[in-house]
Each structure stands twice: as C-alpha cells, then as structure tokens.
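Single-structure report; data block below.
Keep in mind that this is a model prediction, so the values were computed, not measured.
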Amino acid sequence: MTYIRGDLYGYTKVDPIYNAASGYRIPAGRLIPVQFAKMENSYESNVVATRTSIGAMENTLKENKKGVFYNFKDEQGEIHVASLFFPEQTQNPEGIINASKDKIQQMDNLKDVSMVIASSEPKKYLGTYIAACRSGMKLSVDPQIAEEFKGKIMPTLENDIRDPDKRDKTMPTLSNILFEADKRGAEIYRTLAAENGQTVAPEKKQPKKEMCF
C-alpha cells in the first residue's frame, strides 16, 4: 500500500481520481481499489470511465482489458455490477483525457496546508487521506504508523476475499470502512477549510447509482 505509505521523508502522494463522464471525484469505496489498479499497472491518468461512457465517446477497449468492478444501486433499488477503466485501457486514451479536462475541477484550496496521519486505525488513517484528496493539502505519515495500519487493514482484506460462507461476519467489510472513511474525510476537510477562513460549497449531488459503496 505504498501509495498511502509515504516516501523516505514521510510524505505520501495524494492522488484523487475522477469520473471522466461527470468530473466528480470517485468515492472512497472505489478510489482505493482503483488506485491499486493504477499502481499495479503504472497508469498515469487520473480519470476512469465506465464501458458505457467509453462507448459514448466513440471509443473502444483494448482486447482482454479488465476494469475495477463495483456495485451500484439503480433508481428502483436493484443492485448492478459495473467496471471502471483507465484511458490507457482504451484504443484512444487521449480522447478520454481531453474530453474530461473541462469537467474536472482539481481540489487545491488547501494546498498550503500540511497534515500528518496520526492514527493507524483504518477509518481515521484513510479518512485523513481522503481529506487530502478533497483539498490538495500536503500529507505525511510516520513509517511506523503506516506499518501498523497495514497490520490492521490486512485481516479485513483477507476476510473479504474468502468465500462468503467462510467469512467472519463479525468483522467490518472494506466497503464499510471506506464508507466511514469518506464521511470522516469530509468532516476533516470542512474543519480545515473553516480554520483557514474558507467557505466550503456543498458538493453537487451525484447520480444515485454513483453513491452506492
């Protein structure tokens, strides 16, 4: 989990990723898995798109490319499965990147603020990271805190990939943790903005299917 672990000096790269079609920052429940895919495949883009969005841009996926799966709930309350793909996985990466540029507003209103990840508790650790994604603030973490976080989050990851009938039902799922982390990140962001004399405009309401973790 080096993308939220920190470099030699403790600074960690904060890398928000956006929905190419809407320009919204993708929520924590998708941000972290998508960042794993970005890191593992050395993708440079900071946008992702669904198969439908890619088709609407008159683009196609390269052969045998797999996206990051997620569940969403439609207007009728039914659960569906979709995937997010990076531009590098399509035949025309620049087309997607260029089409999304005007829709994305980089969050950098707290770029002069520095914050330290002080807790290895997963919801707090990831919540601080999400706050940085929302605001553009600088972020650092002590390597020991990062290792402790890894030790605490791994049992959850291992439990999630077990067969459903073998999972420990008393443990929170990664989705539960990320949902709470996203809420904590929003609270941290609002607090820091107020302390720095800034007004935080309410986020635009995303389509209902985009709010399902």
With heavy-atom distances below 4.5 Å as the criterion, would you say the side chains of [X] and [Y] are in contact?
X	Y	result
T50	L84	yes
V34	Y70	no
I54	M57	no

Residues forming a side-chain hydrogen bond (donor to acceptor under 3.5 Å, both in side chains) with [X], sequence neighbours excluded:
X	result
N46	none
T60	none
Q144	E148

Of all heavy-atom pairs between [X] and [Y], which one has the smallest distance, and what is that distance?
X	Y	value
I153	P122	CD1-CB, 3.8 Å
M115	T128	SD-CG2, 3.9 Å
A49	S53	CB-CB, 4.1 Å
L61	Q91	O-NE2, 3.8 Å
S120	K152	OG-NZ, 2.8 Å
A118	I145	O-CD1, 3.8 Å

Notebook entry, point to check: Linking I/L/V/M/F/W/Y whenever their side-chain heavy atoms sit closer than 4.5 Å, directly or via other members, would M171 and L178 fall into one cluster?
Noted result: no

Check: Among pairs that include at least one residue of residues 155-178, which meet ring-ring contact (aromatic ring centres under 6.0 Å, His included), considering only residues two or more places apart or in two chains?
Finding: none

Main-chain N/O of [Y] paired to [X] side chain as donor or acceptor, under 3.5 Å:
X	Y	result
Q89	K66	yes
K38	S45	yes
D182	F179	no
K138	K111	yes

Taking only residues two or more places apart in sequence, or in another chain, which ones meet [X] in a side chain to side chain contact (heavy atoms under 4.5 Å, CB included)?
X	answer
K103	none
E63	none
V113	L110, M137, N196
E94	N92, I97, N98

Working to the nearest 0.5 angstrom, can you tell me the gap between [X] [atom1] and [Y] [atom2]?
X	Y	atom1	atom2	value
K150	Y125	NZ	OH	11.0 Å
L31	I17	CG	CD1	5.5 Å
L139	I117	CG	CD1	4.0 Å
L126	I32	CG	CD1	5.5 Å
R184	K123	CZ	NZ	10.5 Å
I177	K124	CD1	NZ	13.5 Å

Next item on the list: Starting from F69, walk the hydrophobic network (Ile, Leu, Val, Met, Phe, Trp, Tyr; side-chain heavy atoms closer than 4.5 Å) and list everyone else you reach, by chain and number.
Entry: V81

Notebook entry, point to check: Using the ring of each side chain (for Trp, its six-membered ring), is Y43 parallel, tilted or perpendicular to F86, with breaks at 30° and 60°?
Noted result: tilted

Checklist line | Listed partners of F85 passing ring pair (Phe, Tyr, Trp, His ring centres under 6.0 Å), at least two apart | finding: none

Check: Of all residues at least two apart in sequence or in a different chain, which pass the salt bridge (charged side-chain N to carboxylate O under 4.0 Å, His left out) check with K183?
Finding: E180

Next item on the list: Return each pair, listed once, that meets side-chain hydrogen bond (donor to acceptor under 3.5 Å, both in side chains) where at least one residue sits in residues 161-170; pairs must be two or more places apart or across chains.
Entry: N159-R162, D168-T170

Note to self: Using the rule given for side chain to side chain contact (heavy atoms under 4.5 Å, CB included), can you reason through V116 versus D142, listing the C-alpha separation, both sets of side-chain angles and the distance that settles it, and then say yes or no?
What the structure shows: CA-CA 8 Å; V116 176; D142 184 283; over 6 Å; no

